[in-house]
Undergrad: 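What follows is a structure written as structure tokens; I'll ask about it next.
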Amino acid sequence: MRLEGKTAIITGAGSGIGGATVRKFLAEGAQVLATDVNETALESLVREFPAVVTRPGDVSRPDDAAAIVADAMARWGRLDVLVNSAGITARNVAADASLEERWDKVMAVNVKGSMLMAHAAVPVMRQSGGGAIINLSSVMGFTGYPTALEFSDGFNPYPSSKGAISQMTRDMGVRLAAEGIRVNAVAPGFVHTSLTANVTRNPEILNTLNTLHPAGRMGTADEVANVVAFLASDEASFVNGAVWLVDGGYSAQ
């Protein structure tokens, strides 16, 4: 088991890629602290996987980020892996929210939340002799929303937030490499999760999303979690500051 003996925090663990990553890490032998703002989702996770430790928290709040890391340290005395999977899209913000409110909310969770969690984790990873941070970017951090879909009028904060994650990953990776802390990211294409469920229910949109990927389909959360697990493992010991596209060829077109 490639993660045996490692301790990990996974944010956004209540569903989607975060939930799939929890399952994968447990199967690979890691001790996992799963966190999410959705306490009901965490309760469901514990029912499915009694071995997982859960803690509700909002990663966009500095006190919550610090408390999540402190909880892991109190339990295990070390932190080896942080997976920043918590994320939202503009569709998760209230329909009557203003442009500025939508922008600020998406940036607060996707960018600020990842930064706060990493900032809290790095000092304890130093104490542990190193570690791995894996951020969740997106193919939308490399491309704009496809014009075949009316997902953006050019002012959607999601692509900008994921572009910021990619650049944060590179900068952190360069700065922390000498301390044995590797920082990488995965950039999924369109994946079947709760974030996309509200649009993929439309058969026409689903067909468009499928055809946008050379693989002929959208991805699954498990396929992304497999790459996250590799980047968290010692097998990726010389991988740092990289953003791994997991997009079925989407960005290669």
Side-chain angles (χ1 to χ4, degrees), residues 10-12 15-18 20-21 59-60 82-93 99 102-119 132-176 182-196 199-200 208-209 212-215 218-221 223-232 236 239-253:
I10 300 173
T11 73
S15 63
I17 293 170
T21 302
V59 297
S60 69
L82 167 66
V83 180
N84 279 317
S85 185
I88 62 171
T89 72
R91 297 189 303 274
N92 298 118
V93 185
L99 169 64
R102 288 197 302 275
W103 186 277
D104 288 348
K105 182 63 176 179
V106 172
M107 289 294 182
V109 176
N110 294 4
V111 184
K112 182 182 176 183
S114 296
M115 180 276 292
L116 289 174
M117 286 300 305
H119 191 260
I133 298 172
I134 301 94
N135 297 317
L136 263 291
S137 182
S138 166
V139 69
M140 289 299 106
F142 290 83
T143 69
Y145 270 124
T147 55
L149 297 167
E150 295 183 359
F151 283 3
S152 176
D153 59 358
F155 297 94
N156 189 310
Y158 187 77
S160 295
S161 75
K162 293 304 185 178
I165 288 293
S166 296
Q167 191 59 14
M168 184 190 305
T169 296
R170 297 182 185 103
D171 192 48
M172 289 173 57
V174 168
R175 297 295 178 177
L176 297 173
R182 296 182 298 104
V183 187
N184 294 290
V186 294
F190 288 91
V191 174
H192 286 287
T193 69
S194 58
L195 288 182
T196 56
V199 294
T200 55
T208 300
L209 289 172
L212 284 170
H213 299 78
M218 291 173 57
T220 69
E223 289 173 315
V224 180
N226 289 338
V227 180
V228 174
F230 165 72
L231 292 173
V239 181
N240 185 50
V243 184
W244 285 49
L245 286 152
V246 189
D247 66 353
Y250 184 109
S251 59
Q253 300 181 92

Undergrad: What pair of heavy atoms forms the shortest contact from Met172 to Ala118, and how long is it?
TA: CE-CB, 3.4 Å
Undergrad: Quick check for you: to the nearest 0.5 Å, what is the distance between Thr11 atom OG1 and Leu136 atom CG?
TA: 7.5 Å
Undergrad: Among Ile17, Val139, Asp247, Thr193, exactly one meets side chain to side chain contact (heavy atoms under 4.5 Å, CB included) together with Pro188. Which residue is that?
TA: Ile17
Undergrad: Could you label the plane-to-plane angle of the Trp244 and Phe230 rings as parallel, tilted or perpendicular, counting under 30° as parallel and over 60° as perpendicular?
TA: tilted
Undergrad: Is it true that Trp103 and Phe155 have ring centroids separated by less than 6.0 Å?
TA: no
Undergrad: Looking at Glu223 and Val246, what are the two nearest heavy atoms and their distance?
TA: O-CG1, 4.2 Å
Undergrad: Is any side-chain heavy atom of Leu231 closer than 4.5 Å to one of Val186?
TA: yes
Undergrad: Hey, does Ser160 have a side-chain heavy atom less than 4.5 Å from the side chain of Met107?
TA: yes
Undergrad: Run the side-chain contact (heavy atoms from CB on, under 4.5 Å) check on Val243 and Arg170 step by step: do they pass?
TA: CA-CA 8 Å; Val243 184; Arg170 297 182 185 103; 4.0 Å; yes
Undergrad: Would Thr200 and Phe190 satisfy side-chain contact (heavy atoms from CB on, under 4.5 Å), going step by step from the backbone distance to the final call?
TA: CA-CA 10 Å; Thr200 55; Phe190 288 91; over 6 Å; no
Undergrad: What are the two closest heavy atoms between Thr169 and Ala185, and how far apart are they?
TA: OG1-CB, 3.5 Å
Undergrad: Determine whether Ile134 and Leu82 make a side-chain contact, defined as any pair of heavy atoms from C-beta on separated by less than 4.5 Å.
TA: no
